[in-house]
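Here's the structure we're looking at; comments come further down.
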Amino acid sequence: MGKSKVLVVGGTGYVGRRIVKASLAQGHPTYVLKRPEIGLDVDKLEMLLGFKKQGAHLVEGSFSDFQSLVDAVKLVDVVICPMSGAHHRSHNILMQLKLVQAIKEAGNIKRFLPSEFGFDPARMGDALEPGRVSFDEKMIVRKAIQDAKIPFTYVCGAAFASYFAGNLSQMGTLFPPKEKALIYGDGNIKVTILEEDDIAAYTIKTKDDPRTLNKTLYLRPPENELSQKQLVEMWENLIGKKLEHISIPEQDFLASMKGMDFAGQVAVGHLYHMFYEGALTNFEIGEDGEEASKLYPEVKYTRMDEYLKLYT
């Protein structure tokens with residue numbers, strides 16, 4: 001059998017461009033939706049042309065033209081949609097409902113991987129406002145997928161290294177602190193952090209694996225399940241210097257939401273669930289899930305001590 005054909009919707013985005021790269025690297029015929037909505041965004045145009053030079057096929061399609069989505073979907077076996085769910089970027093989760101309709105109409109797709117990658121929304125029913133909107137919307141998309149009887153895999157469970165590792169999980173910066181590290185609570189809650197290219201590699205590996213059909217693939221490689229204190233200590237060992245650790249009590253952290261804009265409040269809520277509740281790691285993976293590093297040991301994921309060397 002030949003390699004599955006893959007359509008990436010949102011291929012110029014933060015995660016999407018890495019999924020295109022991983023799909024090409026793993027030898028799959030890779031299609032990228034070329035949407036007229038990019039307007040005059042020349043950076044996205046250059047990215048699309050770069051994909052084409054690497055062997056990807058560009059397919060015209062728009063969420064405002066349903067038939068164009070159906071026609072694009074009919075070209076492939078697998079659809080992956082890493083559209084942004086982050087409020088500080090664009091937030092497009094519910095746009096996927098049109099794509100779900102197009103996949104149902106086309107009737108040929110063997111697997112759909114919607115925009116997930118972080119918290120498992122099925123476990124976030126008690127999440128705080130206003131940040132819970134991300135999880136509620138992902139559950140709306142999941143229900144539409146399952147109601148349409150579309151084969152799926154949900155990829156969940158990791159914090160992005162660019163946002164949570166290099167800055168030692170400090171808010172408001174992407175770089176490590178020089179003197180003081182703010183520690184959430186006691187700093188001992190475990191969080192899974194993965195380099196974004198590794199997330200993409202696991203996503204492409206799982207896209208037509210029968211072991212993950214209609215299941216959730218959790219990104220929880222054991223060596224990257226770290227507490228914030230462990231992460232800070234890794235950095236201290238690298239630079240040969242101890243930082244001052246300043247603990248933020250739970251109630252003080254929640255109180256910091258007051259007066260923030262919407263995106264800031266969302267961020268605080270998500271950090272609370274991650275670092276005070278341990279929402280990425282505080283459960284055992286059940287029969288409805290699989291763990292990525294166990295299924296795909298050939299993916300040599302980046303350990304965070306190696307990743308942090310980039311910041312020295």
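Just so we're clear, the structure is a prediction, and the values are computed from it rather than from any experiment.
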Identify whether the distance between the nearest side-chain nitrogen and carboxylate oxygen of Glu225 and Arg220 falls below 4.0 Å. yes
Does any non-hydrogen side-chain atom of Asp120 lie less than 4.5 Å from one of Phe135? no
Apply side chain to side chain donor-acceptor pair (under 3.5 Å) to Gln146 and list each qualifying residue two or more places apart in sequence or on a separate chain. Tyr154
State plainly whether the residues Glu287 and Lys215 are in salt-bridge range, i.e. N to O under 4.0 Å. no
In plain terms, say whether Glu60 and Arg35 are close enough for a salt bridge, that is, a side-chain N and a carboxylate O under 4.0 Å apart. no
Between Lys309 and Glu306, is there a side-chain N and carboxylate O pair less than 4.0 Å apart? yes
Salt bridge between Arg18 and Asp197, side-chain N to carboxylate O under 4.0 Å? yes
Regarding Lys241 and Glu179, does a basic nitrogen lie under 4.0 Å from an acidic carboxylate oxygen? yes
Taking CG in Asp126 as the centre, count heavy atoms belonging to other residues, nucleotides or ligands within less than 6.0 Å. Is the count above 12? no
For Tyr184 and Phe253, take the angle between the two ring planes, folded into 0 to 90°, and tell me which bin it lands in: parallel under 30, tilted 30 to 60, perpendicular over 60. perpendicular
Across all chains, not counting sequence neighbours, the ring-ring contact (aromatic ring centres under 6.0 Å, His included) partners of Phe51 are none
Provide the full list of side chain to side chain donor-acceptor pair (under 3.5 Å) pairs with a residue in residues 24-34, sequence neighbours left out, each pair given once. Ser23-Thr30, His28-Lys207
